[in-house]
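Worksheet: one structure, shown below.
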Amino acid sequence: MLNRRLFVKYGLLGGCALGLGGLGLTLQKGRPTDAPEGGLKSLSPRQWATLVAAVAVINPGSEKLASAVALKTARKMDRLIASLDTDLQGELGLILSLLENPIAGAIFDGNFRPFSSLSAKRRSEVIKAWQVSSINLRRAAIKSLLGLVHSCYWSQPETWAHMGYPGPPALGGASGG
Amino acid sequence: MGEIIKASELDAPLSLKTKVCIIGSGAGGAVLAMRLAEAGIDTVMLEAGPLVSSEDFTLREDEAYPLLYQDRGARVSGDGAITIMQGRSVGGGTTVNWTSCYRTPEPVLRHWSEVHGVKNLTSKRLEPHFEAIEKLLSIAPWPESLSNANNRKLFTGARKLGWQVEPTRRNVAGCVSSGYCGMGCPVDAKQAMHLTTIPAALKAGMTLIAECPVLRLEKEGARVSAVVARAQAVGDAEPKGQMIRVEAELVVVSAGALNGPALLLRSQINPGGKVGKRTFLHPVVAMIGRYAEPVHAFYGPPQSVASHQFIKPQPGGYGMFIESAPVHPMLAASVLPASGLEIADLLADLAHMGALIALHVDGFEDEGGSVSLRSGGLPKLDYPVSRGLAAAMKLSHKRLAELSLAAGAEWVASLHPEQMILRNKADLKRLDGLEYGAFAHTIFSAHQMGGCAMGHRGVVDEHFALRGMDNLYVVDGSLFPTSLGVNPSQSIYGLAHLAAEEIAAAVGVKL
C-alpha cells in the first residue's frame, strides 16, 4: 500500500513513481534470492532480494575485508527491522520497494530492470545518484538505507581490524564474566 | 525498600493506586522521584525501557543502540533528514549521555524571563538546586591532562586561533576513561540516574515499573484519572504484554521532549494547541579530521572540552558551540554518507580520525520543530532546516575545518555525499560550492528540548502545572522555551530538583 505520509510529503512526482512502480513490479520480477537461514522476519522475498543486492555493493569488502554478503549483514538487518515499531518497519520496506521499482527507474534513471537485476556497477551508480538526487524522497530513502547497512556491517567484529579498532575493553558486560 | 517490577514478566494485569505517578525515569523524573520519595510521598515511576546495568553493557554498538536508544537507535525526524539520538532505558538519556554538565546560562534565563514570561527561574533561585545536584552527581571540571587526543585537538586548535575554550564538567566518580559513555558506563562511574537518584528513591519506598510504555492518560473533567500502560519486552516491536493501570492524585510527565508531547497528544490534552510546538534539537553538523598520529577517538572520555566562541547569533541567526564526539566504528560509518570502497578507505583511517561537532542554538530567532503523531501513535518530529540554519551550518563547517587544521589535521572532510576533502585554509572556500540543508549532508541531534514550553503563553505554568488540568505536571527538558546553548542534562536535573518543591506542595507536603 502506498504510504500516505511519504506521498503527501514528497508530492505528486514521487507518489506517482511509487504508484506506477507498484504496477511495474507486477509485470517484471527482480532477481530471486534465497531466504536467509531461519527465514525472513520482517521483509518480503522481493524486498529481501533488493536488500541483498544493495548490501553487496554498499559494502563489497576486499581481499582482507569480509563483504557484507559474507557477514550476513542483510539477515542482521531483517532481524533488526522486525524489532522496530510497525510504522518504521513499513517505511523501511517501502524504501526497498522504491529502490527496486523498475518503472520509476526507467523514468528517472534509464534503468528498465529492477534494481536487484542490475549489474553491481549499475547498482553502485544508482545508489550514488540517489544520494544527490533532486528528489528529496530518494535522498531520504538512501540515507536511511545506508545508515542501517553501515550500522549492521561495521559493527561486526570481523570488520574491526580493517579500521584499526581493537574493540571494546574487557569491562562491564564485555568482561566475559 | 520499594518494589522493582519488570512489566513484561507480569502474568496478569496490574492496577495500582498512589499519590504521585511519574512517567519517565530520565534526568527530570528521577531527580523528582528521589526528592518526593525521600519526603515520604507514595510514588510510582513508569519507564518504557528496560532496567539495565553495567553487566548488560557489552560495549558493542550493534547491541547498545537497539537496547538503550529510542526506536532501537533508528530514530529520525519525520522526513528522515535528521538522526535523533535519544535514550530509552531506566535512567533515560543519563544512561547514555556523554557526561557534559552545565548550569543553565544566565543570558538564557534572562531571555526566558523577558520573552517567554518565565519570571521565577532565576540563577539565584536555581543556585541551591544546582549546588545540590553537583554534589550528588560528583559534577566537576575534567582535567585537561586526562582528556583524550580527540578532545586535546579541540584545546590545541582553539588556543592557536585565540578562541574561547574550556574543559567541560562531567558527572563521574572513578572514571577509567573507557570511552563508552554512549553505550552505558561499564564501570558505573558515570553518575547516571539508574545508579544514583533511582536507587535512592527505591530505598525510600518508590515503586519502579520498567518495560512499561504509557499508552494514554485517562481523564475525568480536568483531572487525569488514570495512567494506562502496557508491557513491552526488550526486542518486541510494540507493547503487547499485560495492561498496567495507575491511579494517582497527581501525574507527572517526564518522558522527554518527543515522547512526552506525543503522550499528551495521544490523550487529547493540548492546551492552546501548543503541545509539541517549539521543539528544539541543537541541530548538529560534524566534521572529521585525519591526523598523522593515531588519536584513538573511540577511547577516553568522549567529550571533555568545549568552545563557546560563537555562541552569540552568527550570520544566519544561530549561535553555535563546538564539542568533540567519539569515533566508534558504527557511529562513524552511519554518519559518513559514502558507500562501496570509498567508505572502506575512509574507515581504514578510523584510529587516526578525530571528530568535532557544531551544535546550533535554536529557539531564539526561530520556532524549531513540532511533534505530531505517527499513525501508530509514536512521535513524529517535523523540523524544517531553514535557509538561515543551512547558512549557519555552512559557516560552522568552515570553523570546524579551520579549528581541526589549526590543531594539525592533515585533512578534514565534511559529511556530504560528494566527498569534500580540505587540506588547508585556502581550501575552506570550496565549501561555498556545496549545498547545505536537509538531505544535503549529515545532520543529527543528541539534545531534544521543548514541546511543552513553560511561560505565560506556554503549555506549562511557572509551577510546572499543565494549563487547563488540575493534577498534571511536566518535569523534563520539554519545559524549555528555547534551547540552551549548553548540554542540557544539568538544567533538567536542577529544574527537577526545584520542581519537587512545587509538586510536593501540591500534594500537601513541604520540602
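In this text, all values refer to a predicted model and were calculated from it rather than measured experimentally.
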Test item: [X] side-chain N/O and [Y] main-chain N/O as donor-acceptor pair under 3.5 Å:
X: A:His162; Y: B:Ala344; result: yes
X: A:Lys143; Y: B:Gly80; result: yes
X: B:Asp79; Y: A:Ala140; result: no
X: B:Asp62; Y: A:Cys152; result: no

Q: Under 4.5 Å heavy-atom distance to chain B, tell me which part of A:Ala141 shows up: side chain, backbone, both or neither.
A: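 Contact with chain B: none, neither part.
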Q: Identify which part of A:Leu88 has an atom lying under 4.5 Å from any heavy atom of chain B, answering side chain, backbone, both or neither.
A: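 Contact with chain B: side chain only.
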Could you tell me which portion of [X] (side chain, backbone, both or neither) has an atom closer than 4.5 angstrom to a non-hydrogen atom of chain A?
X: B:Leu347; answer: both
X: B:Asp71; answer: both
X: B:Tyr65; answer: neither

**Q.** Side chain to side chain, A:Lys128 and B:Glu342, heavy atoms closer than 4.5 Å
**A.**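 A side-chain contact under 4.5 Å exists here.
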Among [options], who wins on heavy-atom pairs under 4.5 Å with chain A?
options: B:Gly179, B:Gly377, B:Cys185, B:Ala333; value: B:Ala333
options: B:Pro329, B:Ser178, B:Pro417; value: B:Pro329
options: B:Ser53, B:Ser375, B:Ala440; value: B:Ser375

Q. In Å, rounded to the nearest 0.5 Å, how long is the span from CG of B:Leu350 to CH2 of A:Trp154?
A.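 Rounded to the nearest 0.5 Å, the CG-CH2 separation comes to 9.5 Å.
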**Q.** Separation between CG of A:Asp85 and CD of B:Gln70, rounded to the nearest 0.5 Å
**A.**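 CD of B:Gln70 is found 11.5 Å from CG of A:Asp85.
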Q: Using the six-membered ring wherever Trp is involved, compare the ring planes of A:Tyr165 and B:Phe298 and label them parallel, tilted or perpendicular (cut-offs 30° and 60°).
A: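 A:Tyr165 and B:Phe298: perpendicular rings.
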(Q) If the condition is salt bridge (Lys or Arg N to Asp or Glu O under 4.0 Å), which residues does B:Glu435 pass it with, not counting sequence neighbours? (A)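 Salt bridge (Lys or Arg N to Asp or Glu O under 4.0 Å) check on B:Glu435 returns A:Arg139.
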Q | Distance-only donor-acceptor check, side chains B:Glu238 and A:Thr86, under 3.5 Å | A |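 A donor-acceptor contact under 3.5 Å links the two side chains.
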